[in-house]
Amino acid sequence: MSSFSSIIHYASIAIQESNRKNEILGIIEPEAIPYSFATLGWKIVGIILLFFLTYLIYKAYLRYQKNAYKREAIELLLSLEKNKEIISFETVSTTLKKVALISYGRDTVAALYGLNWLTFLQEKGKNTPFMKFKDQLIDVIYSNKTLDKSTSDKLLELSKKWIKTHA
């Protein structure tokens with residue numbers, strides 16, 4: 001008999017003796033632990049993940065509802081743009097004022113007009129240089145002039161950008 005086969009022979013004898021001792025002593029070995037997703041731990045993890053996912057969806061819904069006023073204001077400006085006419089500064093300014101009132105409150109926004117209003121818009125938006133148009137806008141407000149088409153378009157784009165990016 002080779003040494004390898006003798007080792008296997010003695011190992012099988014040892015296992016048989018161990019099984020006999022377990023039978024004599026009444027030792028019962030437990031069933032093997034199942035490694036599947038049907039165990040209790042995975043059900044608990046699944047429930048926790050389900051609650052977390054539900055919470056994330058709820059927070060996204062609240063954020064969507066909170067920003068509804070921005071979407072409505074942008075839709076109004078887009079409808080003005082589709083008319084292909086020169087857009088009045090009063091209409092754009094009124095829309096911006098409504099958005100600012102919702103975002104910053106009546107106490108902060110209601111009293112702003114003229115250069116203070118343009119400064120406020122420029123400070124609260126990201127890369128929205130309203131002061132660049134101050135001379136044209138003052139002419140429009142105080143002289144009853146109208147904006148030319150290119151200035152009107154630029155102002156409209158700047159206003160949409162402000163609505164999207166104001167802090």
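All values reported here derive from a predicted model rather than from experimental measurement. Residues take their numbers from the sequence shown, with the count starting at 1.
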What closest approach, in Å, do [X] and [Y] show between heavy atoms, and which atom pair accounts for it?
X      : Y      : value
Leu50  : Thr54  : O-OG1, 2.8 Å
Val99  : Ala73  : CG2-CB, 3.5 Å
Met131 : Gln122 : N-OE1, 2.8 Å

| request: Check step by step if salt bridge (Lys or Arg N to Asp or Glu O under 4.0 Å) holds for Lys160 and Glu157. | output: CA-CA 5 Å; Lys160 287 189 286 189; Glu157 287 304 314; 2.9 Å; yes
Side chains of [X] and [Y]: does their closest heavy-atom pair fall under 4.5 Å?
X      : Y      : answer
Ser152 : Leu155 : no
Trp162 : Lys126 : no
Leu96  : Phe130 : yes
Ile163 : Leu77  : yes

| said: Among Ile102, Leu101, Ile74, which residue satisfies the side chain to side chain contact (heavy atoms under 4.5 Å, CB included) criterion with Tyr69? | reply: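 When Ile102, Leu101, Ile74 are each tested with Tyr69, the side chain to side chain contact (heavy atoms under 4.5 Å, CB included) holds only for Ile102.
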| said: For Lys97, is the NZ atom crowded, meaning more than 12 foreign heavy atoms sit under 6.0 Å from it? | reply: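 Yes, the 6.0 Å shell around NZ holds more than 12 heavy atoms from other groups.
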| said: Is it true that, when you exclude Lys70 itself, more than 12 heavy atoms of the residues, nucleotides or ligands shown sit nearer than 6.0 Å to its NZ? | reply: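 Correct, the count exceeds 12.
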| Working for side chain to side chain contact (heavy atoms under 4.5 Å, CB included), residues Lys132 and Leu158 | CA-CA 11 Å; Lys132 187 169 89 172; Leu158 191 61; over 6 Å; no
| task | Apply the test side chain to side chain contact (heavy atoms under 4.5 Å, CB included) to residues Thr128 and Leu121: give CA-CA distance (whole Å), side-chain angles for both, the deciding distance (0.1 Å), then the verdict. | result | CA-CA 7 Å; Thr128 52; Leu121 290 173; 5.8 Å; no
| Intermediate values then yes/no, ring-ring contact (aromatic ring centres under 6.0 Å, His included), Phe120 and Tyr104 | CA-CA 11 Å; Phe120 173 82; Tyr104 301 104; 5.3 Å; yes
| request: Could you walk me through whether Leu118 and Phe133 pass side chain to side chain contact (heavy atoms under 4.5 Å, CB included), step by step? | output: CA-CA 9 Å; Leu118 295 177; Phe133 298 102; over 6 Å; no
| said: I'd like to know if the side chain of Ser103 and the backbone of Ala100 have a donor-acceptor N/O pair within less than 3.5 Å. | reply: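 Checked: no pair found.
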| query | Between Arg71 and Tyr64, is there a donor-acceptor pair closer than 3.5 Å when you use the side chain of the first and the backbone of the second? | reply |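 Flag set: sc Arg71 to bb Tyr64 pair under 3.5 Å.
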| message | Applying side chain to side chain contact (heavy atoms under 4.5 Å, CB included) to Thr95 and Ser159, what does each step give before you reach the verdict? | response | CA-CA 9 Å; Thr95 303; Ser159 298; over 6 Å; no
| field | Single-linkage hydrophobic cluster, 4.5 Å side-chain cutoff, Leu78 and Leu156 together | value |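 Shared cluster, yes.
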| query | What is the distance from atom CG of Leu49 to atom CH2 of Trp42, rounded to the nearest 0.5 Å? | reply |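 It comes to 9.0 Å.
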| Honestly, is Arg63 close enough over Tyr58, meaning NZ or CZ under 6.0 Å from the six-membered ring centre and within 45° of the axis? |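 Geometry flag: not set, cation outside 6.0 Å or 45°.
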